[in-house]
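First comes the structure, then the notes that go with it.
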Amino acid sequence: MKQHLQKLFTQALEQLQISQDIRLERTRDNQHGDFACNIAMVLAKKLHKKPRDIATSIVEKLPKDDFIAKVEIAGPGFINIFLTKQAYYATIDDILRLKTEYGKNQLGNNQSVLIEFVSANPTGPLHVGHGRGAAYGAALANLLQTVGFKVHKEYYVNDAGRQMDILAVSVWLRYLELCDETIEFPANGYQGDYIWDIAADLHRNHAAMFHKKITEIFADIPPDEKDGGDKELHIDGLIQRSKQLLEKDYKIVFKQALDTILANIRHDLEKFGVEYEEWFPESNLTDTNKVQQTIDQLQAANHTYEKDGALWFKASDFGDEKDRVIVRDNGQFTYFASDIAYHKNKLERGFDQLINIWGADHHGYVPRVKTAMTALGYNAEQLTVLLVQFATLYRGKERLQMSTRSGEFVTLRELREEVGRDAARFFYIQRKSEQHLNFDLELAKSQTNENPVYYIQYAHARICSVMRQLTEQGQSWQHNKLANLETAHEQALLVMLARYPEVIEMAAIAHEPHQLTYYLRELAQNFHSFYDTHKILVTDNELRDARLSLTAAVQQILQNGLTIIGVSAPEVM
RNA sequence: GCGCUCGUGGCUCAGCCCGGAUAGAGCGUUGGCCUCCGGAGCCAAAGGUCACAGGUUCGAAUCCUGUCGAGCGCGCCA
């Protein structure tokens, strides 16, 4: 509807030989009609004319249209458009005809988008901090798909770095404890209970196959932190020693740890309703020498130099604040190096746009990756990084820590089991992503009925109930005679329904799924209010059918919207 | 110190990108509503100098500058 009106305005302006972007807005007050346009005031300065005079001449040129009932010039020069009832009845017709397709458009023009999100290191289970990225990414992917993008969801699995070695060593040490050895667990090891579980599996399947003497393992290893040493050197020493002693078997331990945790993550995400087209392993890049090749390319283009034994990328040549190391003095690639290779790989796969969803603590990292893309000859504009603020977790007034290393965290699984998938997903995206989120577990658990998600779902369930009643009475209905919809409640619902495509479009373009949650709440509210005031299943068949048409349309929109944000639309609650 | 993000009723937040007509919700508080399609509901009331100070503008919660306050980032960590 909005687009339709914009076309009419464009035609009017063409006749006046003015070119200007037209901005139409829904009015807050229906006294001002359905849409308002402030174009006359925008043009006033440019044309040196009074806004109201400009408005008058535009209105004169506005083509006649079945959907426009009345056009008024108001206030300082607003052009207010009043739509005909036909315009709103057409919306109902469209919704009931197009069903789940309603609200879709071709704005994205079938461009391909790779959207990468969560990508948590497989060193432990997903915790509630990751949940927000998961919920946001999945909802955004759905939105982009709805407006006509070809969406490819991807999880980048960091399975090749030092962190993974630390994980493997942690598992191995716990395994040795299960072999009745007594060890000092390293300060920098992973301490969570899940490490024990993996170790136990290892012990069950391989018995004492990986058992080595403790004295042999810890001989000449730099002291740990608690003994006055450096915990990093200590763990690095242990990694080296593990590889020496276990030889080929190291891979078995490593793989067991990785596979178990990854399976766990996949399972959690699946249960959370988040699915990916691809799980892209970092080892894919390292094993095929892609990281080295990328570095070679940067070197060949003279974008690197050596200093203090390390290889640096001249990021500052491309606008970053300082140069960045890509190969450490010990010969290892930095995380940044494989990230450059990964983004190069993404672009080589031919995607038109890349979207990364990162925790806000990575914001300093954004220019770094972009400069690398520029240096490699790509257009950095193709990459959009969306930052999601971390959720601060509270249990009542107590602020909880979330550290994978120390093993102190609430897992995504626990959250899902305690507050439910629908409530959790809704809770995560109802706030703007770059807004800090206070997630109070007590509140989410104890007052789940007050979560707005139930309010919306209840509206849907209520409608389903009405439909059931009708069937139970052995009746059916036909979609016609919408002219009977005259009350204020019905009018308000018609307007809400007509707004849906506008909300979808805006939410998708702005990457703001929370817009949709607010809309759905308002729609549900309008419905509850209508339902409370007017009976739907009245004896007058024509009025009943008109109200059922409206109701069915509301049901459809609730379902469409909830599906996009990953929340179910239950028939009963 | 530099950079990024944020400051809107008691609490949690929309609105800001793209300035516009009385600043909106939810929770909480107070008072009403079930002989009637599901009360996880409805109706109503109280409650806000939009952090502060300047500036731009016919017009600023919205744009600009500064101040104060909060969070995060500034590693050969990932």
Indicate the ring-plane relationship of A/H534 and A/F530, choosing parallel, tilted or perpendicular according to the 30° and 60° boundaries. tilted

Are A/Q525 and B/C42 close enough that a side-chain N or O sits under 4.0 Å from OP1 or OP2? no

Short side-chain donor-acceptor distance under 3.5 Å, A/H343 and A/N356: yes

With sugar-phosphate meaning primed atoms plus P, OP1 and OP2, does A/H363 contact a base, only sugar-phosphate, or nothing at under 4.0 Å between heavy atoms? base

Glycosidic conformation of B/C52, syn or anti, with 90° from 0 as the boundary? anti

Whole angstrom is fine here: how far is it from OH in A/Y190 over to P in B/A78? 11 Å

B/A61 and B/C13: how far apart are their C1' atoms, nearest whole angstrom? 15 Å

Across the strands shown, which category fits A/D361 at heavy-atom distances under 4.0 angstrom: base, sugar-phosphate, nothing? sugar-phosphate

Separation of the C1' atoms in B/C50 and B/U8, to the nearest angstrom: 4 Å

Return yes if a side-chain donor-acceptor contact under 3.5 Å exists between A/Q332 and A/R162, otherwise no. no

Specify the separation, in whole Å, of atom CD1 of A/I166 and atom C1' of B/A78. 9 Å

Describe the nucleic acid contact of A/A510 in one word from base, sugar-phosphate, nothing, applying a heavy-atom distance below 4.0 Å. nothing

Could you check whether A/N330 gets within reach of a base, just the sugar-phosphate, or nothing at all, counting any heavy atom under 4.0 Å? nothing

Describe the nucleic acid contact of A/K231 in one word from base, sugar-phosphate, nothing, applying a heavy-atom distance below 4.0 Å. nothing

Looking at every strand, decide which applies to A/Q31 at a 4.0 Å heavy-atom threshold: base, sugar-phosphate, or nothing. nothing

Rounded to whole angstroms, how far apart are CG on A/L520 and P on B/C13? 20 Å

Using a heavy-atom cut-off of 4.0 Å across all strands, would you classify A/H362 as base, sugar-phosphate, or nothing? base

In whole Å, what is the span from the CD atom of A/E25 to the C1' atom of B/G15? 11 Å

Donor-acceptor contact present, side-chain A/D323 to main-chain A/S316, <3.5 Å: yes

Base, sugar-phosphate or nothing for A/H489? Non-hydrogen atoms, less than 4.0 Å. nothing

For A/K432 and B/U62, give me the distance from atom NZ to atom P, rounded to whole Å. 14 Å

Report the relative orientation of the aromatic rings in A/F313 and A/F318; use parallel for angles under 30°, tilted for 30 to 60°, perpendicular for over 60°. parallel

Aromatic ring of A/F78 stacked on base six-ring of B/A21, 5.5 Å, 30°: yes

